[in-house]
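This report refers to the structure that appears directly beneath it.
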Amino acid sequence: MHTIVKYAVTLFLAGLFAGCGKDFLELKPPQSTPTEDAIKDLPGLRSAINGVYSLLQNENYYGRTMPLLPDLRADNEFISVINSNRYRNHDQYIVTANDAYTTDSWNLMYSVVANANMIIRKGGSIAILPAKEDSIEATKIVAEAHALRALVFFDLCRMFAQPYNYTADAHHMGIPIVTVTNVDSVQAPSRSSVKESYDQVIKDLNSAIRLFETSGSQAFTSGRFNIYSAKALLARVLLYKEDWQGARTLAEQVISSNKYSLLTNEKLLSDFKQTGNGETVFEVINTAVDNRNTDGLSYMFSQEGYGDVLATNDVYNIYAGSDVRIGFLRKGKRAGNGGEDPANIITKYSNVTTFTDCIKVIRLSEVYLIHAEAAYHLGLEDMAREDLNIVMKRADKSVLPETATGSRLLDRILLERRKELAFEGHRLFDLIRNKRSFTKYLASNKTISVVWPSLKVIQPIPQRELDANPNIRNQQNEGYN
């Protein structure tokens, strides 16, 4: 049985629906405390939500795979000719339904969902407490659980389903939606449509926002969801859904809250990695005593670690010499005999000493670019250029103001997203939601042409899930049958 021991409570990872495979269906260990039984009071609720945040650190989610794959499987990264054999199938577009990384990510993410479900179910009664401050905290924790569940459902949908606009009414297959975890029975949900999947994500985020408002909590930290990070995530979701007005409105609310500010040109490189740096809306926090060590993302980039993942010349060449963001890359040599020389070494995440690099999930610069893209689609091109210039000018003081119009303006916004959000887990999603074909670069100057629409830009449903869950057995993604 997979268990996570955090804060003196063993959180029972109830992959207790068939989707998690037979090894998750074992009996509970006698010394463990199921999340459901642990959540009886406010201390139990605190321990439970802390355990859920801890799961985000795992290498099968934001600790490595989630920020890595969207850049690796697009045109920003590739696996070096010298490598540790990690993610090679993803790099070469030969993933199968038995892929370990795909399976482990699916299981880990649904474990987050299972624990969030129990917090939501049990937390409501705990929120009705005599002490006002206790009631505020309990309500806030339930709001966080809704936001976390929304984040996972959205990420699952991005990884395992085609983008929202793949079909006219988003009726194509999405993900299994599980909002109630019953530890005493096996659940075997079928896949909902992408529309239904997005509806659940949006419902959860609206519930989170409402509960944050109800709680009146003033707690504010980049490592925990709050009302503004929930709104920022909802803005991103609505952008992917092509609800341009909704995305613009939510992004505007986050920007105008003045809770966040862009790092200055001079501080962008030095302060990017700092926890709670003022620009970060939400991040997964690693500390010197709580991190994934050599399983973390930085070890894949650093030449003092595995150093397997290098940046492509294509992404390196989009930066002007005056653009400070070129500092997130370094020309050097791939460690080891026969490695690439020169190589484009990624330094955005590179700490392999204390492993304290925090993974940025949402930053204010992305919110500006969400606002810009939504404004463009609403015909508000002056507003879109204004947002775009803010991000461009912060990174490159010598850049001329943007003057592009029409489709060229959209191209400029998407280019700026590539520059600004490189190596943070956005690129593939930006390409496919905009129906763009691209070149996937490999080692030794080899390439793969990925032509839209492509069946291989999403992950296969894990074979273990298909074998264990009869209701999903015939719902494999097309191209992986």
Side-chain angles (χ1 to χ4, degrees), residues 2 14-25 60-61 65-66 68-70 72-74 87-114 152-179 181 186-201 240 425 428-429 431-433 435 437 440 448-481:
H2 294 191
L16 293 174
F17 35 89
C20 289
K22 294 182 179 178
D23 61 329
F24 276 80
L25 303 180
N60 295 306
Y61 197 17
T65 296
M66 193 70 212
L68 179 65
L69 285 188
L72 179 64
R73 290 172 52 78
Y87 299 100
R88 286 186 65 199
N89 289 348
H90 291 268
D91 180 51
Q92 298 175 20
Y93 271 66
I94 54 173
V95 175
T96 70
N98 290 308
D99 182 78
Y101 298 112
T102 299
T103 301
D104 290 346
S105 290
W106 175 280
N107 288 345
L108 191 285
M109 293 162 81
Y110 273 108
S111 293
V112 178
V113 169
V152 178
F153 281 150
F154 181 54
D155 288 341
L156 282 163
C157 207
R158 292 195 295 170
M159 287 183 69
F160 293 95
Q162 293 285 358
Y164 195 91
N165 59 10
Y166 188 71
T167 55
D169 56 358
H171 70 271
H172 53 290
M173 285 190 294
I175 59 170
I177 297 295
V178 183
T179 57
T181 298
V186 173
Q187 295 170 257
S190 61
R191 294 176 71 177
S192 300
S193 69
V194 166
K195 182 184 184 304
E196 292 166 334
S197 302
Y198 269 68
D199 286 348
Q200 180 60 50
V201 171
Y240 278 56
L428 180 64
F429 304 134
L431 287 165
I432 64 176
R433 68 181 176 82
K435 302 183 178 181
S437 300
K440 169 69 181 102
I448 299 172
S449 180
V450 182
V451 179
W452 176 262
S454 170
L455 301 178
K456 297 294 187 175
V457 292
I458 60 174
Q459 301 292 300
I461 304 301
Q463 189 61 47
R464 281 176 49 198
E465 172 73 8
L466 302 178
D467 292 341
N469 182 348
N471 294 321
I472 205 173
R473 191 162 296 153
N474 297 318
Q475 294 184 325
Q476 178 60 280
N477 283 326
E478 188 179 357
Y480 292 103
N481 295 313

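Among residues at least two apart or in separate chains, there is no salt bridge (charged side-chain N to carboxylate O under 4.0 Å, His left out) pair with a member in residues 470-481. Applying the ring pair (Phe, Tyr, Trp, His ring centres under 6.0 Å) test to pairs two or more places apart or on separate chains, those with a residue in residues 452-481 are Tyr166-Trp452.
Nearest heavy atoms, Ser437 versus Val451: OG-CA, 3.4 Å.
With values rounded to the nearest 0.5 angstrom, Ser197 atom OG is found 10.0 Å from Tyr164 atom OH. Remark: Thr102 OG1 to Asp104 CG distance equals 9.0 Å, nearest 0.5 Å. For the atom pair Met173 CE and Glu196 CD, the distance stands at 12.5 Å (nearest 0.5 Å).
At a cut-off of 3.5 Å, with distance as the only test, no side-chain donor of Arg464 or Asn469 sits close to an acceptor on the other residue. In the model, Thr167 has a side-chain atom that pairs as donor or acceptor with a side-chain atom of His172 under 3.5 Å.
Here the two rings, on Tyr240 and Phe154, have centers that are under 6.0 Å apart.
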Might you work through the side chain to side chain contact (heavy atoms under 4.5 Å, CB included) test for Tyr93 and Lys440, ending with a clear yes or no? CA-CA 9 Å; Tyr93 271 66; Lys440 169 69 181 102; 4.1 Å; yes
Kindly determine whether Asp155 and Tyr61 satisfy side chain to side chain donor-acceptor pair (under 3.5 Å), including the steps that lead there. CA-CA 10 Å; Asp155 288 341; Tyr61 197 17; 2.7 Å; yes
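Among residues two or more places apart in sequence or in another chain, the side-chain hydrogen bond (donor to acceptor under 3.5 Å, both in side chains) test is passed with Asn60 by Asn58.
Comment: Asp91 does not engage Arg88 in a salt bridge, judged by the lack of any side-chain N to carboxylate O separation of less than 4.0 angstrom.
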